[in-house]
Number of protein chains: 2
Amino acid sequence: MTDTPAVGRRERKKAATRQAIADAALELFLEHGFERVSVRDVAEKADVSTTTLFAHFPAKEALVFDREAEVEAALTAAVRERPAGQDVVEALRAHALTSWVRMASDPRRDGFTALVEQTPALREYGERMWMRHAGALGAAIAAELGRETDDLACSALARFVLEIPSLATGRHHSRATVETVFDLLIHGWQSSRHGSGDRPAPAHSPKDTPRPAK
Amino acid sequence: MTDTPAVGRRERKKAATRQAIADAALELFLEHGFERVSVRDVAEKADVSTTTLFAHFPAKEALVFDREAEVEAALTAAVRERPAGQDVVEALRAHALTSWVRMASDPRRDGFTALVEQTPALREYGERMWMRHAGALGAAIAAELGRETDDLACSALARFVLEIPSLATGRHHSRATVETVFDLLIHGWQSSRHGSGDRPAPAHSPKDTPRPAK
DNA sequence: GCAGAAACTGGAATGGTTGCACTTATTGAC
DNA sequence: GTCAATAAGTGCAACCATTCCAGTTTCTGC
């Protein structure tokens, strides 16, 4: 009785419908597998028409990744509202470590993670999902640095950072992955010639034909 | 009558069929647009069944990008057969400049380029296509450097390099794009604070507190 | 209240993709 | 040459995601 918090009944119902669809989808996918469940099944279980389902989600794969909007908001917020004096890249690293690594190691998400990693269509969709945010992130970075909105270096940095989740899948130590890739981004490939690295000639090299040119 | 070059009639015919399909597809797409041509149309024009079409290409979009295999081969060859003493990254930059930039500016490809850029499904498929080579390229780099096949830095480098074509689309000076991104990759973000860039702080803060630690 | 917008519905159509049972062509071995 | 094995191709029907359409119901602002 106390609050009419500016969100009307309509909006609430819409959100509820959306949530019902996403919940139904995840449950069915987890139980039977993504490709063995049709969108009609999902719509059925959520008690809506398939038309409605597609009014809320642009594709079957999107049913699994609700939350895109929030993820992008968090991403740009991480650079825009970073602690005073903090480097943009540093802010991104911090965000990656707190948000992504934490999420990856949350046991409640194990089923979800397994589902995505075992379903090619979902892995692919997930990777593209990250890249869809590259524009927004690049623009945010550029804005912070006072460069043109489509500044190449900023766009590139955004894309590279957003490759990290994809690079991390299938690797055990996701924290170390984040750290390593950020080191590479900050200091460049040049400095990454650690111990074992970059003396292509000495060890085994029959592969150095002195002058092929072309 | 002189050569039986180890490729039998069967293989030749198969290749011919594949080519006929790709040719028919490109011609129809260029004339009517990608989405207004159905795979059945393409099959029809190439005088094969749609079943056969899908035996040669895994998806409608793939009809446009035949040549994937060659592209990947060229990519790994670029690092494997680079001039003696040349850095791996240098070899990749050279490859990018000669192969990609040249291709982008070839007027014979204008129609093709326009088709891809104007069709979201094709742009997307094209971007994913590059990333599909990341595994092979990363492995090739790792092999050259004597690291583990799935070495993180190598995988990351491969992916970052393969982002370049996508970053370059829509930008005028594709050569400059390649150069800039390689500079970023080699020397790192730290060094990319060029002239116009890095004094966004006037308003709220000097953002380089050297040690916020963690 | 009421008009208009927005959410939702049911069903049919479109079109990419796959499965199946079958024919035809090529090959390698005898 | 003959033949069996195999790969390429066929035609068709089915599947399913996605969209279109023509409504109906439900909110919202006035």
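Letters A, B, ... mirror the listed sequences (proteins, then strands); counts begin at 1. Not measured: the values here are computed from a predicted model.
Between B:R18 and A:S38, the residue anchored nearer the 5' end of DNA chain D, judged by the nucleotide with its closest heavy atom, is B:R18.
If you measure from atom CZ of B:F29 to atom C1' of C:dG15, you get 12 Å, rounded to the nearest angstrom. Rounded to an integer number of Å, the gap from B:L53 CG to D:dG11 C1' is 15 Å. Rounded to whole Å, the distance from CD1 on A:I21 to P on D:dT18 is 14 Å. Here the P atom of nucleotide C:dG15 and the CG atom of B:D41 are 9 Å apart, to the nearest Å. Between A:E35 atom CD and C:dT17 atom C1' there is a gap of 14 Å when expressed in whole angstrom units. Atom-to-atom, CZ of A:F57 to P of C:dC8 comes out at 11 Å; the value is rounded to the nearest Å. Spacing between atom CZ of B:R36 and atom P of C:dG15 amounts to 12 Å, rounded to whole angstrom units. Remark: P of D:dG9 and NZ of B:K14 are 7 Å apart, rounded to the nearest angstrom.
Closest contact between the side chain of A:E61 and the listed nucleotides D:dC16, D:dT18, D:dT10 involves D:dT18. Of the candidates C:dT17, D:dG9, C:dA13, C:dA13 carries the atom nearest the A:R40 side chain, counting heavy atoms from C-beta on. Closest contact between the side chain of B:S49 and the listed nucleotides C:dT9, D:dC16, D:dG11 involves D:dG11.
Annotation: side chain of B:V116 is not in contact with side chain of B:F34 (no heavy-atom distance under 4.5 Å). Side-chain contact check for A:K14 versus A:H56: some heavy-atom pair is nearer than 4.5 Å.
Judged by distance alone, the side chains of B:R159 and A:S166 do bring a donor and an acceptor atom under 3.5 Å apart. Between B:T76 and B:R80, the side chains place a donor N or O and an acceptor N or O closer than 3.5 Å (distance only, hydrogens not considered).
A salt bridge does not link B:E72 with B:R132: every distance from a Lys NZ or Arg NE/NH1/NH2 to an Asp or Glu carboxylate oxygen is 4.0 Å or more.
Contacts of B:D47 with the nucleic acid, taken as non-hydrogen atoms under 4.0 Å apart, involve only primed sugar atoms and P, OP1 or OP2. Contact annotation for A:V42: no contact, since no heavy-atom pair falls under 4.0 Å across all strands. At a threshold of 4.0 angstrom between heavy atoms, the contacts of A:T52 include nucleobase atoms, whether or not backbone atoms are also involved. Residue contacts shown for B:A55 are absent, as no nucleic acid heavy atom lies under 4.0 Å away.
At its two ends the helix from C:dG1-D:dC30 to C:dC30-D:dG1 runs along axes set 30° apart, each axis drawn from five pairs and the angle rounded to 10°.
Evaluated for a side chain to side chain contact (heavy atoms under 4.5 Å, CB included) with A:F29, the options A:E35, A:R36, A:K60 yield exactly one hit, A:K60.
Contact annotation: A:H56 side-chain N/O to C:dC8 OP1/OP2 distance is under 4.0 Å.
For A:R102, the CZ atom counts as loosely surrounded, since its 6.0 Å shell holds 12 or fewer non-hydrogen atoms of other residues, nucleotides or ligands.
Using a 30° and 60° split on the angle between ring planes, A:W100 and A:H95 fall in the perpendicular class, above 60°. Taking the six-membered ring where tryptophan is involved, the planes of A:Y125 and A:F65 are essentially parallel, since the angle between them stays under 30° and well short of 60°.
Interatomic distance, B:D150 CG to A:L167 CG, rounded to the nearest 0.5 Å: 11.0 Å.
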Exercise. Going 5' to 3' along nucleotides 18-30 of chain C, which nucleotides have protein heavy atoms under 4.0 Å from the base (write B), which only from the sugar-phosphate (write S), and which from neither (write -)?
Worked result: BB-----BBS---

